[in-house]
Structure formats: C-alpha cells, structure tokens
Amino acid sequence: MANTNLSQAKKAKKDEFYTQYSDIEAEMNAYVEYAPDVFRNKTILLPCDDPEWSEFTRYFATNFTRFGLKKLISTSYAKGAGNLQLTLFETESPLYDPAKHETRGKLFTLTHDTNGSGNIDTDDIEFSGYLDGDGDFRSAEVCKLRDEADIIITNPPFSLFREFLAWIIAGGKHFSIIGNQNAITYKEVFPLLKDNVMWLGYSIHSGDRKFNVPEDYPLEAAGCGVDPDGRKYIRVKGVRWFTNIDHGKRHEPLILDTMAHNLKGSVTTNG
C-alpha cells in the first residue's frame, strides 16, 4: 500500500487499525530480554483496547503471570468500530446495561485468577462497568486511569498521534506506541527524540506491517485483503514503535571504520 493511503486514512479518520499479535510480541520481548523485570509489579493501561478485538489485551493477559504484572486495565471507546458489537465479556456480566452499550466507554480489568483454574489469562478478564463518558483518552476518567498506570501501551489512531503522545508525556509514564514514522519530523516529537526522552522501538525496521481493520473499512488499495479467519486487513507502510522503555539495540556498539582504513581505500587524483 502506498503511503498516500495512510494519509487518506488520517484525513477520513479511517485509521482504526488493529495491531497483529506477532508485532506486539516481537517488540515486548525485546524489552523483557533487556530487562526481565521490566513489567513486574506494574499496572499496564491499554486505552481504547476492547479485549474482544484487541491483541494488546490478549497478549498481556496471556503473559500476565510470566511478566509478573500487578494489574491490566483496558478501556474501549464508544465510537470505535469494535465497540459496536456486543461481547461475552460485557453481556455475561451482571453490570451489562444495553441502554449504555452504544454511548459509554467500557472498563475491563485483570488482576487475579477469577475462575479457580490456577492460571491468570484472558478468561479472568472482568468487565468492571461503564465509564461516565465515551472513553475518549482525553476525558477526566481515562486521565485518572493513566495516572494509576505505570506503563501505557497501544496503537493510537494515527490522526491523533500528536495529542496522544502529549497526553502520555503529561502523565510522566513509560510507554510504547505505534505511529507513522513521519511523526519523527513533527515539532512536538523531534525534540523528544533529540533529548533522549523517547526513542524508536526495537522492531518494525521496514515500517511495513499488516493491520486488521473494521468490517466497514473499504479495501480499495493494493495490499488489502481478507485473512483466512475472514478478517479484513490492510498493509501500512511507514510505521514504527515509539517508546521510552529501554531495549538492547540502543546499546549495541556502532561498527565504525578507522581513519587509516578510509584513507587506504580512498582514491586520490592530482588535478
């Protein structure tokens, strides 16, 4: 898919892309390999990540025990495509209210083994109720969740990347988020990279990744399609992880040539 399609998606606000599990795993594993206890006893917030559709929620729920997490918080945005469909997390809860389903954001938490299975995983995610508003990350109640969390991880809408990053920085949190690599040039972003407040993530070096999209997303460009599970996807160029969580690649020594070798290999001519 050409980069112009990403620009068109931003303009049309059709940028609700769902990150693949494998891409999340590759990035998070790099943090854990560098610092095995990076997530231990931490509360992770996944804003706008309904557990029925979000691979972020599935990944951290699956690895809750391995990482030694304290708490996992997921919120959903009422106007998001995934939120339009009812899920078992919601309907099987005594807190389910059909009158609030379409207009309220939702809160999901994971803290312990709720079903006595001996494991903490996706089956232990609890629907903790409806938010007062629609779940917009800028709302006071989601800001409160941000302040409770230690780490924020998600794939925010590309059209709101500047605002979302500023929201995280204002909270002083560790984070790992996906964005368009062109964000490097933004006046709000470049100083953070220059001052080593954040850096690029470990993975997605090519910047070309496949994202699942809502059912109503138009498949009009090359690189779009439907996967074997019947889910629509679109390939997006120019994406990178942006983070302030350390990883080993930041500390690999640069392989530099010596001046003597440069001079030996150079060709000089007398004019």
Side-chain angles (χ1 to χ4, degrees), residues 18-78 80-98 100-101 104-131 135 141-142 144-155 173-178 203 211-212 227-231 245:
Y18 302 126
T19 310
Q20 300 281 306
Y21 189 99
S22 58
D23 289 326
I24 299 167
E25 184 175 48
E27 185 68 16
M28 299 307 128
N29 278 349
Y31 305 150
V32 175
E33 287 172 5
Y34 181 74
D37 292 329
V38 63
F39 296 127
R40 188 165 302 280
N41 295 320
K42 297 295 193 296
T43 294
I44 295 181
L45 172 62
L46 311 172
C48 304
D49 286 292
D50 189 306
E52 184 75 9
W53 316 106
S54 169
E55 296 288 10
F56 283 99
T57 303
R58 186 164 75 90
Y59 175 78
F60 281 104
T62 300
N63 291 282
F64 192 96
T65 301
R66 179 167 77 95
F67 290 162
L69 295 180
K70 176 182 178 181
K71 186 177 184 180
L72 184 64
I73 306 171
S74 297
T75 63
S76 71
Y77 179 49
N83 191 69
L84 298 179
Q85 302 183 50
L86 288 168
T87 71
L88 294 179
F89 290 107
E90 182 182 358
T91 57
E92 292 187 349
S93 169
L95 299 176
Y96 171 55
D97 184 344
K100 296 179 179 179
H101 169 74
R104 302 285 190 90
K106 301 175 184 67
L107 175 64
F108 304 86
T109 57
L110 176 61
T111 58
H112 64 286
D113 177 14
T114 63
N115 56 14
S117 68
N119 297 312
I120 303 176
D121 52 29
T122 54
D123 291 335
D124 299 301
I125 295 174
E126 296 181 282
F127 174 56
S128 300
Y130 298 94
L131 299 174
E141 56 190 336
V142 180
K144 186 177 180 179
L145 294 173
R146 174 200 64 186
D147 295 342
E148 176 187 349
D150 300 294
I151 304 172
I152 298 170
I153 299 175
T154 194
N155 173 16
K173 301 300 177 178
H174 282 96
F175 64 90
S176 185
I177 60 176
I178 293 177
S203 57
F211 295 85
N212 288 110
D227 66 22
D229 295 324
R231 298 184 67 186
I245 303 174

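Shown here for Ile120 and Thr65, the closest heavy-atom pair between the two residues is CB-OG1, 3.8 Å. Here the closest non-hydrogen pair linking Tyr59 and Arg66 is OH-NH2, 3.8 Å. The two atoms that bring Gly105 and Ala78 nearest to each other are N-CB, 4.1 Å, heavy atoms only. Nearest approach of Arg58 to Tyr21, heavy atoms of both residues: NH2-CD1, 3.2 Å. Minimum interatomic distance between Gly135 and Val142 (heavy atoms only, all atoms of both residues): O-CG2, 3.9 Å. Nearest approach of Ile125 to Ala61, heavy atoms of both residues: CD1-CB, 4.2 Å.
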* **side chain to side chain contact (heavy atoms under 4.5 Å, CB included) assessment of Thr109 paired with Lys71** => CA-CA 7 Å; Thr109 57; Lys71 186 177 184 180; 4.0 Å; yes

* Asked: Yes or no on side chain to side chain contact (heavy atoms under 4.5 Å, CB included) for Thr57 and Phe108, after CA distance, side-chain angles and deciding distance?
  -> CA-CA 10 Å; Thr57 303; Phe108 304 86; over 6 Å; no

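From Ile153, atom CD1 reaches atom OG of Ser176 across 5.5 Å, with rounding to the nearest 0.5 Å. Distance check, rounded to the nearest 0.5 Å: OG1 of Thr154 to CD1 of Ile177 gives 8.5 Å. Taken from CD1 in Ile24 to OG in Ser203, the straight-line distance is 10.5 Å, to the nearest 0.5 Å. Taken to the nearest 0.5 Å, the CG atom of Leu45 stands 5.5 Å off from the CD1 atom of Ile73. Of the inter-residue distances, the one linking Thr75 atom OG1 with Arg146 atom CZ reads 12.5 Å to the nearest 0.5 angstrom. Remark: Asp121 CG to Asn63 CG distance equals 11.0 Å, nearest 0.5 Å.
In terms of the ring pair (Phe, Tyr, Trp, His ring centres under 6.0 Å) criterion, Phe56 has no residue partners (sequence neighbours excluded). Annotation: ring pair (Phe, Tyr, Trp, His ring centres under 6.0 Å) contacts of Tyr31 (sequence neighbours excluded): none.
Looking at heavy atoms from C-beta onward, Phe60 lies in side-chain contact with Met28 at the 4.5 angstrom threshold. A 4.5 Å side-chain heavy-atom check between Leu107 and Leu145 finds at least one atom pair inside the cut-off. Contact of the Asp97 side chain with the Tyr130 side chain is registered, since non-hydrogen atoms from C-beta on lie closer than 4.5 Å.
Side chains of Thr19 and Glu55: no donor on one and acceptor on the other come within 3.5 Å. Inspection of the Asn119 and Ser117 side chains reveals no N or O donor paired with an N or O acceptor under 3.5 Å.
Side-chain atoms of Asp124 never come within 3.5 Å of backbone atoms of Asp113 as a donor-acceptor pair (strictly under, hydrogens ignored). Between the side chain of Asn41 and the backbone N or O of Lys70, no donor-acceptor pair lies under 3.5 Å. For the pair Lys106 (side chain) and His101 (backbone), a donor-acceptor distance under 3.5 Å is present.
The distance between the ring centers of Phe127 and Phe89 does not fall below 6.0 angstrom.
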